[in-house]
Amino acid sequence: MSEQITLEKSLSDWWSRVKAGQVGALPAILGLLVLCIVFGSMSSVFLTSGNFANLLTQAAAVTVIAMGLIFVLLSGEIDLSAGYAAGVCGAILVVMITEMDYAWYIAFPVSVLSGVFLGGFIGYLVAQLKIPSFVVTLATFLAFQGLLLLIIGEGGTIRIEDPVILSIQNKNLTVVNSWLFFTLAAGAYLLTGFWKFYKRRRAGLIDNLFKFWLLKALVVVLIGAFATSTLTVERSNNPDLVSLRGIPYVVPVILFLLVGATFVLTRTSYGLHIYAVGGNAEAARRAGINVKLVRITAFMICSGFAAVAGMIFVSRANSISPTTGGSSTLLYAVGAAVIGGTSLFGGKGKVSDAILGGLVVAVIDNGMALLGYPAGIKFMVTGAVLLISATIDAVSRRGAVSN
Amino acid sequence: MADPILSLRKVNKSFGPVHVLKDVNFNAYAGQVTALVGDNGAGKSTLIKCIAGIYTPESGEFVFEGKPVQISGPRDATELGIEIVYQDLALCDNLDIVHNMFLGREEKSGITLNESSMESLAKKTLDGLSVRTVKSIRQKVASLSGGQRQTVAIARAVLWNSKVVILDEPTAALGVAQTEQVLKLVKQLADNGLAVIVISHNLNDVFQVADNIAAMYLGSMAAQIDKNSVSQNDVVRLITTGSSESMSGGKK
């Protein structure tokens, strides 16, 4: 029973899975490395601590939309209106705080609930009336854009001055708190992993991936430590006037969402049901799963995440405008999810894909802007990267089927 | 012969003007494989859907373990311990074997899934069926062969201490070796004390595994007979003409 499986064995298992087309996050990791090397060698600014912090705040909103989108993609649907859902919820937040004088802790939950409600509406049309989600969300894409204009009103742009909302994208944890945060996060990550393997061993099951996991966990923790130390370096041009160091507040926010969403997807039966519905809806129905409810709630979660992204947009721009969440936002979010390794065909993906993919998208955006390329080239490169990821997705899927 | 675990008496079912099941009697016995044969449209599928609670018959009696029962929905059938393995295997390719076996009925501790308990139970069930062909029960179903998938679908059905397992054309899409493997599994189920009902068009398979054969003809039960008392030709005659005449004559 207690057959020992070596690290070499788990590595070769992993490699055979990669060869079989289950590449997972590998292309995104390699892509990120290549991009960082290329941009780092071409631009003296790219690999600085200041630009790194900048990159994180740039990637934040799109990443959060992508995290929510992954729930919808996993269930085999798509939400094209998540970008403008972020805009609408951001507008609700700003209008409630600046024009109606509500505190942020009332306005923010209301805006998230509005997002959940919008998602429920989309989900109802898709699951109950069986309209393809592509069409429904294309319609709501337009409708939400209109709703955003109506909420903002004639003025065009509304500024926000609430210090708590603004701090999310503009303030940092102190250096001590940054390291404290890193220690807590890394400790919790390692402990939950050890606990999982301990429980398996106690139940007499083979823990064939323990060493493999340990290797991965150490790499993740090292990257975290490196990122933390980079972010705690002084990055202000004029440190005597204003000191600028520490982890931006938005990072713990995203990590919290990542842990919560990953927990739901991998540890609860609801998460398993989302994968099942995306993999084979008929099998899920026969197994007694309420497929409609799973679909509707996936859209609700997606738009709820979009509402959080709306708050992040508002915090970064210090205002809400009729184009918040518009233009390329949604496509970047879909791109982030797919580049990270989530399948457009449903049933395959992880929330952490959004982080990796979001970073890739932000690195392209940021790096090319630093090198002075025009927006046209930037869009074309991002489009090409999205196409490459979708190709990898489609080809690996075909590979898995032909096996 | 022992008393049947499941017995249907004079079951009638119509779809609009079409009388699909006419006074059908049917028995399934614990520890035996009952083959349900018949041509297309003879009413085999309707009959098992009535047993599974997907259709409700207009009239007729169900007796389960000696007691009359009402099956008015799939849940009732599941509660009695009746499970169906469908022809188009109801498995999710993107989930592993354990998750497929427990889909919809996951073991939980608090709000989280109890993975260790599910994995142990799945392992025990597969071992109980003498399944040795799957490498790891944590591999995705997508990577399994047709026979292995059928094995997982069957294991899923017996996981719940079920008493009656209905298999709808379990070997229809399989190659020779895999058919052999699944038929062995069907026999194993009966040896484990379950009542097994197999729908099949392949009479070779039927004669290989069945203990008794129920032949349907145009909505009626032509005969339910012991396998050893008939020849393959007799069964063909029952399926095509519904008549049991010249049965004693055996092969010509």
Side-chain angles (χ1 to χ4, degrees), chain A residues 1 3 5 13 16-17 20-22 74 76 192 195-209 263-291 294 343 345-349 396-397 399-403, chain B residues 52 54 73-75 77-79 83-96 98-124 127 135-145 148-149 152-153 156-157 159-160 168:
Chain A
M1 267 312 273
E3 122 189 42
I5 291 165
D13 276 358
S16 60
R17 264 183 294 143
Q22 297 180 14
L74 280 179
T192 48
W195 176 241
K196 201 177 104 188
F197 283 102
Y198 168 71
K199 267 202 308 194
R200 283 183 60 83
R201 193 165 287 187
R202 207 180 44 182
L205 299 164
I206 304 166
D207 43 0
N208 48 355
L209 289 174
F263 175 82
V264 168
L265 278 183
T266 59
R267 298 287 171 88
T268 68
S269 55
Y270 173 72
L272 188 61
H273 293 174
I274 289 188
Y275 281 99
V277 168
N280 186 344
E282 177 58 21
R285 195 185 63 79
R286 284 187 191 167
I289 293 169
N290 189 338
V291 173
V294 168
S343 174
F345 303 99
K348 202 187 100 196
S396 75
R397 187 183 152 81
V401 168
S402 67
N403 277 341
Chain B
I54 295 168
R75 212 156 274 261
T78 314
E79 265 167 35
E83 293 278 339
I84 289 203
V85 179
Y86 290 97
Q87 184 177 3
D88 42 344
L89 313 165
L91 298 177
C92 291
D93 274 358
N94 60 329
L95 302 182
D96 62 28
V98 177
H99 285 156
N100 262 296
M101 284 174 70
F102 281 87
L103 192 61
R105 297 181 272 199
E106 298 85 6
E107 300 271 316
K108 283 182 236 175
S109 54
I111 57 162
T112 58
L113 295 170
N114 193 338
E115 297 283 353
S116 331
S117 142
M118 286 197 284
E119 192 168 329
S120 312
L121 259 169
K123 208 168 158 49
K124 218 162 70 189
D127 288 347
K135 202 172 60 187
S136 150
I137 56 174
R138 279 296 178 186
Q139 64 182 314
K140 302 254 187 276
V141 165
S143 64
L144 300 183
S145 71
Q148 290 174 324
R149 283 155 173 264
V152 172
R156 174 187 159 83
L159 186 61
W160 309 99
D168 187 1

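In the text below, chain A, chain B and the rest are named by the order of the sequence lines, each starting its count at 1.
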Using 0.5 Å steps for rounding, measure from the [atom1] atom of [X] to the [atom2] atom of [Y].
X	Y	atom1	atom2	value
Arg200(A)	Glu115(B)	CZ	CD	8.5 Å
Lys108(B)	Arg267(A)	NZ	CZ	15.5 Å
Arg105(B)	Ser269(A)	CZ	OG	14.0 Å
Leu103(B)	Arg286(A)	CG	CZ	12.5 Å

Highest number of heavy-atom pairs under 4.5 Å with chain B: which of Ile289(A), Val264(A), Leu272(A)? Leu272(A)
Can you see which heavy atom on Cys92(B) is nearest to which on Ala276(A), and at what distance? SG-O, 3.5 Å
Residues that Phe102(B) engages under ring pair (Phe, Tyr, Trp, His ring centres under 6.0 Å), provided they are two or more places apart: Trp160(B)
Which residues pass the ring pair (Phe, Tyr, Trp, His ring centres under 6.0 Å) test with Phe345(A), not counting sequence neighbours? none
Could you check if a side-chain atom of Ile111(B) sits within less than 4.5 angstrom of a side-chain atom of Phe263(A), using non-hydrogen atoms only? yes
Any side-chain heavy atom of Asn280(A) within less than 4.5 Å of one from Leu91(B)? no
Given that the side chain runs from C-beta out, which part of Arg156(B) has a heavy atom under 4.5 Å from chain A: side chain, backbone, both or neither? side chain
Between Thr266(A) and chain B, which part of the residue has a heavy atom less than 4.5 Å away: side chain, backbone, both or neither? backbone
